[in-house]
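All chains are named by letter (A, B, ...) in the order of the sequence lines, taking the proteins before the strands, and each is independently numbered beginning at 1.
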Amino acid sequence: MDKVVASAEEAVADIAVGSTIMLGGFGLCGIPENLIAALVRRRITGLHTISNNMGVDGFGMGLMLEAGMIASHIGSYVGENRRLEQMVLKGELDLTLIPQGTLAERIRAGGAGIPAFYTPTGLGTVVAEGKETRQFGDRTYVLETALRADVAFVKAWKGDRLGNLVYRKTARNFNPVMATAATMTIAEVEELVEPGELDPDHIATPGIYVKRVVVGESYQKPIESRFIRERMAGGAA
Amino acid sequence: MNGKERIARRIAREVQDGFYVNLGIGLPTMIASYLPPGIDVVFQSENGMLGVGAPPAEVEADPDLINAGKQPVTELPGCSYFGSEESFAMIRGGHMDMSVLGAMQVDEGGNLANWTIPGKMVKGMGGAMDLVAGARRVIVAMEHQTKDGESRILKRCTLPLTGTHVVHDIVTELGWIKVTPQGLVLTEIAEGIEPAEVQARTEATLTISPDLKPMIVN
């Protein structure tokens, strides 16, 4: 079994217009930089994205937004992307903001064969509008449904050709859960190792979830707080 | 000492040995700097870490190691990493002893608004709705009034809510306000401030505790 593909271009070559894509990462930490860049070069449109954030102006998913590729987005926080804020206020992008924990759990449910679940989060807020509620004990909960995608882009630290993945520090975030919830999960890794080299006790994403593995060519890994500070000062991007 | 620092220093006194605490972005993050000595507290960051340490020196910043405010942090001995789904399972599951977060508005019913201004600001709630629904104690840390001098502590929030009946305490530079079934009670007051002044700067009705104490900060 060998899931390794030669390049990020090859990894994303068959992604269709209008696909639903999950993208791992928290802010700019642990994002699939190379897969995003390859997809931006293809400029396919009408994408429905699911990701905690939307990059920043000039990096990460911000590049997809600027290329006009995104039709709708589900996330929890987009405050670092001014272009997106303008597009939403003008009604040019269909944006759905949901609580971060609900986002993570909806994806977990999607990967775990659970169609829906009750959560206390968002009760009495716009998030619960139109949703079924039910009382358990002395609390009322909101029914939330599972999320799945056609494609998931995840970023890991190390991986092997079987698709087993290990993450590094807080760059893990949404990557392992998204890996479970898509028809086609594509993992980009900083380092490809031989099967057996990863300690099986340390593998956070077992290879069963992963269809393709690609080695990222170079990583910029901007630190978001610094990137934005420099941009504000007119220094970068 | 400015108002924000006073708020952070007072809440730091409320953190107990052995607590697991989530601090929101901005003012709440300052609390970590003012903990009393000898207190063992584990800070959680909802992007997937327990045991968050102080910011590193600029050159030592690791892009793979950030807090929920997307700022570089460091590891403390005994720290751990986990995915977002587990991070929020521990938040929603009632494992956090305390969550401290900022607010735009709080009201007499303990309702909180801190994530959007319709037609003006599109940012998102991030993890705030999960934190207020799941933490065992929710403390709002904020300046008493807006920059324009409007009250942030209202009879009823006017902005879209983050959670309903979720706030236990409100701490501002003027004092400590407890949310009770009977409404808001001023239990501590900052040095040099009269209760009448706190009420005058608050739209909500405050009950002055018969046991009103000075707000002592670290």
Heavy-atom neighbours of Arg136(B) CZ exceed 12 at 6.0 Å: yes
Pro63(B) and Lys221(A) have their tightest heavy-atom pair at CB-O, 3.4 Å
Shortest non-hydrogen contact between Phe88(B) and Gln100(A), atoms and distance: CE1-OE1, 3.4 Å
What part of Asn67(B) gets closer than 4.5 Å to chain A, counting heavy atoms only: side chain, backbone, both or neither? backbone
So how far is it from Met125(B) CE to Tyr77(A) OH, rounded to the nearest 0.5 Å? 12.0 Å
If you look at every heavy atom in Ala68(B) and Phe26(A), which pair is closest and at what distance? O-CE2, 3.5 Å
Can you confirm whether more than 12 heavy atoms, excluding those of Tyr141(A), are under 6.0 Å from its OH atom? yes
CD (Glu92(A)) with more than 12 external heavy atoms under 6.0 Å: yes
Quick check on Ile208(A): does its CD1 atom have over 12 non-hydrogen neighbours (other residues, nucleotides or ligands) under 6.0 Å away? no
Give the C-alpha distance, both sets of side-chain angles, the deciding distance and a yes or no for side chain to side chain donor-acceptor pair (under 3.5 Å) between Thr121(A) and Asp130(B). CA-CA 5 Å; Thr121(A) 304; Asp130(B) 307 278; 3.1 Å; yes
Among Val122(B), Ile91(B), Thr162(B), which residue has the highest count of heavy-atom pairs closer than 4.5 Å to chain A? Val122(B)
Flag the one option from Asp64(B), Leu161(B), Thr164(B) with the top tally of heavy-atom pairs under 4.5 Å to chain A. Asp64(B)
Applying a strict 4.5 Å limit to non-hydrogen atoms, the region of Gln220(A) in contact with chain B is neither
So do Trp115(B) and Val126(A) actually touch side chain to side chain, heavy atoms under 4.5 Å? yes
Between Asn173(A) and Tyr81(B), does a side-chain contact (heavy atoms from CB on, under 4.5 Å) hold up when you go through it step by step? CA-CA 9 Å; Asn173(A) 56 64; Tyr81(B) 298 110; over 6 Å; no
Atom pair CD (Glu46(B)) and CG (Asn52(A)), whose distance is rounded to the nearest 0.5 Å: 9.0 Å
Proximity breakdown for Val78(A) and chain B, heavy-atom pairs closer than 4.5 Å: both
Exercise: identify the closest heavy-atom pair between Ala61(B) and Ile223(A): CB-CD1, 3.5 Å
Scored by heavy-atom pairs under 4.5 Å with chain A, the best of Leu65(B), Ile66(B), Thr116(B) is Ile66(B)
Quick one: which of Gln86(A), Arg139(A), Glu80(A) has the most heavy-atom pairs under 4.5 Å with chain B, could you say? Arg139(A)
Closest non-hydrogen contact found for Pro72(B) with Ser225(A) is CD-OG, 3.6 Å
Minimal non-hydrogen separation, Glu85(A) against Lys120(B), with atom names: OE2-O, 3.9 Å
Scan residues 72-89 of chain B for pairs that pass salt bridge (charged side-chain N to carboxylate O under 4.0 Å, His left out), counting only residues two or more places apart or in two chains. Lys169(A)-Glu75(B)
Donor-acceptor pair, distance only, cut-off 3.5 Å: does the side chain of Arg92(B) make one with the backbone of Gly101(A)? yes
Against chain B, label Ile107(A) side chain, backbone, both or neither, depending on which of its atoms sit under 4.5 Å from a heavy atom there. neither
More than 12 non-hydrogen atoms from neighbouring residues, nucleotides or ligands closer than 6.0 Å to OH on Tyr118(A), yes or no? yes
So for atom NZ, which belongs to Lys155(B), do other residues, nucleotides or ligands contribute more than 12 heavy atoms lying within a distance under 6.0 Å? yes
Taking Cys29(A), Gly30(A), Pro120(A), Pro99(A) one by one, which has the highest count of heavy-atom pairs under 4.5 Å against chain B? Pro99(A)
Identify whether the distance between the nearest side-chain nitrogen and carboxylate oxygen of Arg168(A) and Asp62(B) falls below 4.0 Å. yes
Checked Gly79(A), Ala104(A), Ser76(A) vs chain B; the most non-hydrogen pairs under 4.5 Å come from Ser76(A)
Among Gly48(B), Gly124(B), Gly134(B), Gly126(B), residue most engaged with chain A (heavy-atom pairs, under 4.5 Å): Gly126(B)
Under 3.5 Å, is there a donor-acceptor pair between the side chain of Arg172(A) and the main chain of Ser84(B)? no
Can you confirm whether Asn53(A) sits close enough to Lys70(B) that some side-chain heavy atom of one is under 4.5 Å from a side-chain heavy atom of the other? yes
